[in-house]
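To start, the structure under review is shown below, and the notes come after it.
Note: hydrogens, waters and symmetry copies are ignored here, and every other heavy atom, side chains too, is used.
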Number of protein chains: 2
Amino acid sequence: MPPEAGKGRAPNIRDVAALAGVSYQTVSRVLNGSEKIRPETKQRVLEAIEESGFRPNQAARALVTSRSRTIGVLSTHQHAHFGPQTMVHAMEVAAAESGYRLAVVTTGTTAASIVEALERLQSQAVEALVVVAPKVSVFEAIEDSSLDLPLVTLDSSIHNKRPGRTHSFAVDQYEGARMATRHLIELGHRSIIHVAGPQDWIEADERMQGFLYELSENDLPVRAPILGELSADFGYRAGLELVRRRDFSAVFAANDHMALGLLHAFRDEGLSVPGDVSVVGFDDIPDAAHYLPPLTTVRQDFAAVGRRSVEIVIGAIDTGSLGALELIRPTLMVRESTAPPPVAWR
Amino acid sequence: MPPEAGKGRAPNIRDVAALAGVSYQTVSRVLNGSEKIRPETKQRVLEAIEESGFRPNQAARALVTSRSRTIGVLSTHQHAHFGPQTMVHAMEVAAAESGYRLAVVTTGTTAASIVEALERLQSQAVEALVVVAPKVSVFEAIEDSSLDLPLVTLDSSIHNKRPGRTHSFAVDQYEGARMATRHLIELGHRSIIHVAGPQDWIEADERMQGFLYELSENDLPVRAPILGELSADFGYRAGLELVRRRDFSAVFAANDHMALGLLHAFRDEGLSVPGDVSVVGFDDIPDAAHYLPPLTTVRQDFAAVGRRSVEIVIGAIDTGSLGALELIRPTLMVRESTAPPPVAWR
DNA sequence: CGCCGTCGTGTGAACGTACACATGGACCCT
DNA sequence: AGGGTCCATGTGTACGTTCACACGACGGCG
């Protein structure tokens, strides 16, 4: 007979027990990998599970253990696309390996929508939280919301605000920005502009800080960064504005999409990259190697971040304590969008 | 006193009942929006809920109703990035509005990983399934897996295989491909090559069929499409190969990433776009408007697809029946990567 | 004036599992 | 031989909610 036959009800632990000729508790033990069980009995139970098509009821399990085995993921839609997508996928795989699942909630940027996202997460009884796209306002909302969970944030500056309960883990944005800037300086650029992301966005801010630090370290003039969204559209508009000023020989963009917009604007206005101006991006999305020209950028290992963040958070659930800040070094990918400045700028 | 104070246990329905001076069943009725309840009592219960910080236990609810209120989403990592990301976000919002949540599982392309993904979905007791990235092998695996759920697939050709239980809903890929091809033909191109996606990928296949149909409709010579991954890397390699052949004046790429790779290859080999060759993409990802040159492409309303698919699937859960195939028309975005063919090709 | 229907509310059971504890047998040590 | 220990397995109960049903009060109607 087919496994799913019989009455409409799904088989439960007692059906399996009856089939195997043991008590339901024995089945439960097999399910939970208890040691104290005779291999022969275990085998019989396993066969009964197979035969009946039994599948443990997560709801019942969650109810009695008061453990949801769910990790909440808070992501912002804003910064959609490659990075978060890759991280979340890696997180999902890592979570599944440890018997956890993910509750992914994407939120807008307004305070109200963040609160609402936290609400949804709480109603799913998540045991821990990973904040993928850390904005300052997200943390403010979390502080306010009196929810007390192990929290991993994918940035490198918040962790000291909630000692013991918060763990930061991330690619070192600050260092990445310094690498990008240093690369331009080593090529001979002395007038470098930064097109930055929104400043309430922690990563964007760190990239800017890294940029500014490296500039002052080398006694170079600091010009105010241009602030905007992390999109190609904004990069394009910023590029047009920059062309009018013409007071720079290199631009460091806060991400690759912005850099693409800059490339577009510069081409439209007759500026050659890297002949007239050099451009560096951040992220190394798969398309970046095919931009015209192929983009010099800072590569982040998104998958590693996703994987590790889940490991950390599961560790925190089990042990109750979180470690310190960890950082992954990014890599500079030098391609064709950077070159020494034109003679006029040396 | 703070809402979360007291013993370690979270407040339950009985605590609320005691606080409001009613029975637990009355609280349950308020929670479920029952009609038969005096407004005054309801008010009192609501206040007690507020005061105690009560939050209904989803696990208990799921256990007794045997309803998980979870919609499974099966996505493939392969085709990561913009489209799926946008759809899933829209789905999540739409689901939350109706009190559902999403269980997103991303799978690789091997049969084993698809089976494993379905397994994970089943263990989460999803009530319905939306297949975001439909591959032929996914449906084969679903057929084999004896799981019987309302199923919405985001493509337009599978739906008649499981009448009544499956609903297809999608942007009309076939029509989109015809629009793109027709655009090239109207510009005067007579030798058009298609760089196609993997053929076990239903959408990619439909795009190819649309392309082929439009060609034969216009009595144009059909050259074998180049098959490969939907990535810029592959587009680049295909582009290099195409340049060697030089037997075309236009290329229709199966997605924007591929088109970007083509642009890169053509530039590397000294071919001007659209001067020497025209290029059309598919998807209209946000970057496409900033490619060099800005890409003519077919826009899909991903958010609408995501939203509607959840509506359909929830309707199916409630009523038990699914409607017929629905299609959304895409839009052709004409930008600068297409122009009439050079004189030699007319 | 008694009956019935309706409204608002309460009581008992059930969902499927894991935990705490109980049981019975085999074995070892003294 | 007796007691203690460990092993393998079984029994009772609790988790928090909803469903089916029961119940009292009230009003309308014959």
* Between T107(B) and S113(B), does a side-chain hydrogen bond (donor to acceptor under 3.5 Å, both in side chains) hold up when you go through it step by step? -> CA-CA 6 Å; T107(B) 169; S113(B) 90; 3.0 Å; yes
* **Derivation and outcome, side-chain hydrogen bond (donor to acceptor under 3.5 Å, both in side chains), residues S75(A) and T106(A)** => CA-CA 5 Å; S75(A) 177; T106(A) 47; over 6 Å; no
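Bracketed by its first and final contacts, the part of DNA chain D lying under 4.0 Å from non-hydrogen atoms of chain A reaches from dC7(D) to dG16(D) in 5' to 3' order.
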* To do: Summarise protein proximity over nucleotides 9-18 of chain C in one line of letters, 5' to 3': B for base, S for sugar-phosphate only, - for none, counting protein heavy atoms closer than 4.0 Å.
  => BBBB-BBBBB
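Here S68(A) contributes atom OG and R101(A) contributes atom CZ; the two are 7.0 Å apart, rounded to the nearest 0.5 Å.
With S98(A) contributing its side chain and Y100(A) its backbone, the two residues share no donor-acceptor pair below 3.5 Å. No side-chain donor-acceptor contact under 3.5 Å links N32(A) to the backbone of S34(A). Side-chain N or O atoms of R44(B) include one that pairs as donor or acceptor with a backbone N or O of A20(B) at under 3.5 Å. Here the side chain of R120(B) pairs no donor or acceptor atom with the backbone of A96(A) at under 3.5 angstrom.
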What does the list of N/O pairs under 3.5 Å between the protein and nucleotides 23-28 of chain C look like, with a distance for each?
none

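Each end of the helix from dC1(C)-dG30(D) to dT30(C)-dA1(D) gets its own rotation axis from five pairs of C1' atoms, and the angle between them is 50° to the nearest 10 degrees.
Each of L121(B), V126(B), V310(B) was checked for a side-chain contact (heavy atoms from CB on, under 4.5 Å) with I71(B), and the lone residue meeting it is V310(B). Checked options N12(B), V45(B), L19(B); the residue passing with V27(B) is V45(B) (criterion: side-chain contact (heavy atoms from CB on, under 4.5 Å)).
A search for side-chain hydrogen bond (donor to acceptor under 3.5 Å, both in side chains) contacts involving Y24(A) returns nothing, not counting sequence neighbours. In this structure R308(B) satisfies the salt bridge (Lys or Arg N to Asp or Glu O under 4.0 Å) test together with E311(B), E326(B), sequence neighbours excluded.
For the pair E127(A) and R69(A), the salt-bridge criterion is not met [side-chain N within less than 4.0 Å of a carboxylate O].
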